[in-house]
Amino acid sequence: MMRSLDEARDVCERYHPGLCGALAEVPLLEREAPGGPVIDLFRKYGGPGLLVPSEYGGSGVDALDAVRVMRAISSYSPSLGAGVTMHHFTVAMLFSLARTTGRLTPAQLDILSRIAPENWLVASGWAEGRPDTNILIPSVTATVTEGGYLINGGKKPCSLSRSMDLLTASVALPIDGEPTLALLLVPARSPGMTIHPFWASNVLAAAESDEVRLADVFVPEELAIRTEPDDPHRLDDLQTAGFAWFELLFTAVYVGGASALVEKALARGRGSVTDRAQAAIQLEGASAMVEGAARAIADGVSGDEIVAAVLVARYAAQQALAIASDMAAELLGGIAYMRSPEIAYLTAAIRPLAYHPPSRSSTAQALVDYFSGQPLRLS
């Protein structure tokens with residue numbers, strides 16, 4: 001047992017009674033295997049409605065409770081945490097727009113109102129998966145057709161690809177001859193949408209991170225949400241909301257995975273008490289940074305300030321979690337590592353945080369400029 005992890009699990013139990021227990025009943029490697037039961041369990045216990053506002057049938061939790069739930073879920077299944085992060089950040093972004101800008105149309109709200117009551121899962125077709133590119137540039141193209149748009153392109157990896165009910169895809173729509181960023185709501189299994197194998201690693205394999213291809217998929221005009229940037233180099237309201245939630249929730253996933261490993265080390269009691277304390281301190285430091293950024297979101301911090309705060313928390317946590325997991329694995333010992341594939345798996349499952357965009361190197365100049373008083377310009 002570990003106090004802060006127990007508290008996170010208590011929060012999860014409050015919103016999803018029975019989920020933690022159901023996950024714990026399944027052996028870790030079965031939870032994490034392709035086609036495992038974790039996504040179905042997430043649906044069964046009402047997971048999709050966590051960030052849906054109460055007026056739309058959801059739990060409407062704030063950012064702090066959200067990261068605690070994600071930590072708890074991911075302590076049992078990092079794959080599930082990774083997969084449903086894409087759902088949660090998209091839901092948070094869309095309903096944030098509905099509440100603060102009134103940008104969503106009745107047709108869009110009608111679709112979104114089905115997420116919590118029907119336990120719909122929303123996948124993300126944003127461009128963040130492509131290496132060496134601007135993470136904000138859409139990977140899907142759209143052409144105008146009667147009544148809407150035909151979209152082509154795809155996303156790889158796309159978590160929840162085989163379980164999703166709705167795909168959100170960022171596109172550049174031609175408006176008055178100029179490309180304008182928009183977000184399209186695309187029902188799953190629309191004609192022209194196909195799923196193809198992509199994720200070959202056994203790590204995080206249950207997240208269903210395969211390839212979604214779109215070939216002349218029709219999207220009605222009323223399901224297109226446009227942005228209105230006043231500066232093409234800066235994040236607008238839609239991107240800012242989604243980006244901050246994405247970074248925050250994904251970092252919480254890896255806090256959860258590292259929590260499971262440190263919990264094992266503390267329970268085993270091997271090594272010096274100083275080393276055990278240091279492993280826990282690194283973990284708790286990472287958790288505190290994530291929760292601090294979550295509190296900022298809950299307090300209404302927005303724009304460049306929240307994006308910078310979340311990135312700082314993510315990169316600092318990334319370093320602390322690597323130290324915590326290395327120390328925990330060392331404390332557990334070589335025999336335990338050789339005899340328990342769970343230890344090797346959890347150690348490997350914490351590393352992908354470093355691979356999520358944007359990388360530390362790609363944002364270094366932007367953050368230094370921001371710390372020096374300039375606007376935050378991500379590329």
Side-chain angles (χ1 to χ4, degrees), residues 1-13 20 23-24 28 31-32 63-82 84-85 203-204 247-297 309-334 336-337 340-356 360:
M1 297 179 63
M2 187 164 52
R3 183 188 298 271
S4 65
L5 181 56
D6 291 342
E7 291 172 350
R9 288 168 173 166
D10 287 343
V11 174
C12 186
E13 183 69 13
C20 288
L23 291 171
L28 175 64
R31 294 176 219 150
E32 297 300 278
L64 181 59
D65 276 356
V67 297
R68 288 175 173 170
V69 170
M70 291 302 292
R71 179 184 180 185
I73 288 174
S74 303
S75 72
Y76 295 106
S77 174
S79 286
L80 179 60
V84 303
T85 287
V203 177
L204 306 182
E247 294 294 326
L248 182 71
L249 293 174
F250 245 122
T251 306
V253 168
Y254 295 97
V255 172
S259 296
L261 194 59
V262 173
E263 183 181 43
K264 288 179 180 293
L266 295 182
R268 187 71 59 87
R270 294 183 75 254
S272 72
V273 67
T274 301
D275 285 347
R276 277 178 275 143
Q278 185 62 19
I281 287 169
Q282 294 294 326
L283 173 66
E284 294 301 321
S287 179
M289 287 181 283
V290 171
E291 292 195 357
R295 286 186 172 92
I297 289 179
V310 170
L311 285 175
V312 168
R314 175 257 169 104
Y315 296 137
Q318 182 176 311
Q319 183 174 359
L321 293 176
I323 296 171
S325 60
D326 283 348
M327 293 189 70
E330 182 177 345
L331 286 166
L332 286 164
Y337 183 90
S340 173
E342 292 189 0
I343 296 173
Y345 180 82
L346 289 171
T347 302
I350 296 162
R351 295 304 184 199
L353 178 56
Y355 308 143
H356 285 293
R360 287 189 300 114

Value rounded to 0.5 Å, distance of [atom1] in [X] from [atom2] in [Y]:
X	Y	atom1	atom2	value
Asp65	Met70	CG	CE	13.5 Å
Leu204	Leu80	CG	CG	11.0 Å
Arg3	Leu5	CZ	CG	12.5 Å
Leu346	Ser325	CG	OG	10.0 Å
Ile281	Met327	CD1	CE	9.0 Å
Leu353	Leu321	CG	CG	6.5 Å

_Pairs meeting criterion ring pair (Phe, Tyr, Trp, His ring centres under 6.0 Å) with involvement of residues 252-288, two or more places apart_ = Tyr254-His356

*What pairs of residues pass the salt bridge (charged side-chain N to carboxylate O under 4.0 Å, His left out) test when at least one of them lies in residues 71-82, not counting sequence neighbours?*
Arg71-Glu284

Report the residues that fulfil side-chain hydrogen bond (donor to acceptor under 3.5 Å, both in side chains) with [X], sequence neighbours left out, ordered by chain and then residue number.
X	answer
Thr347	none
Ser75	Arg9
Arg351	Asp326
Glu32	Ser77, Ser79, Tyr345

Identify the heavy atoms of [X] and [Y] that sit nearest to each other, and give their distance.
X	Y	answer
Ala280	Leu266	CB-CD1, 4.4 Å
Ala349	Pro352	O-CD, 3.3 Å
Ala63	Ala294	CB-O, 3.4 Å
Ala279	Ala324	O-CB, 3.5 Å
Gly81	Thr85	O-OG1, 2.8 Å
Tyr76	Ala24	CE2-CB, 3.7 Å

When you measure from the side chain of [X] to the backbone N and O of [Y], does any donor-acceptor pair fall under 3.5 Å?
X	Y	value
Thr251	Glu247	yes
Arg31	Leu23	yes
Arg295	Leu64	no

*Checking side chain to side chain contact (heavy atoms under 4.5 Å, CB included) for the pair Leu283/Ser259: CA distance, chi angles, key distance, verdict?*
CA-CA 7 Å; Leu283 173 66; Ser259 296; 3.7 Å; yes

*More than 12 non-hydrogen atoms from neighbouring residues, nucleotides or ligands closer than 6.0 Å to CD on Gln319, yes or no?*
no

*Should we count CD of Glu13 as having more than 12 external heavy atoms under 6.0 Å?*
yes

Residues in side-chain contact (heavy atoms from CB on, under 4.5 Å) contact with [X], at least two apart in sequence or another chain:
X	result
Thr274	Ser272
Arg270	Arg268
Ala328	Leu261, Val262, Ala265
Ala66	Leu51, Val61, Trp245, Leu249

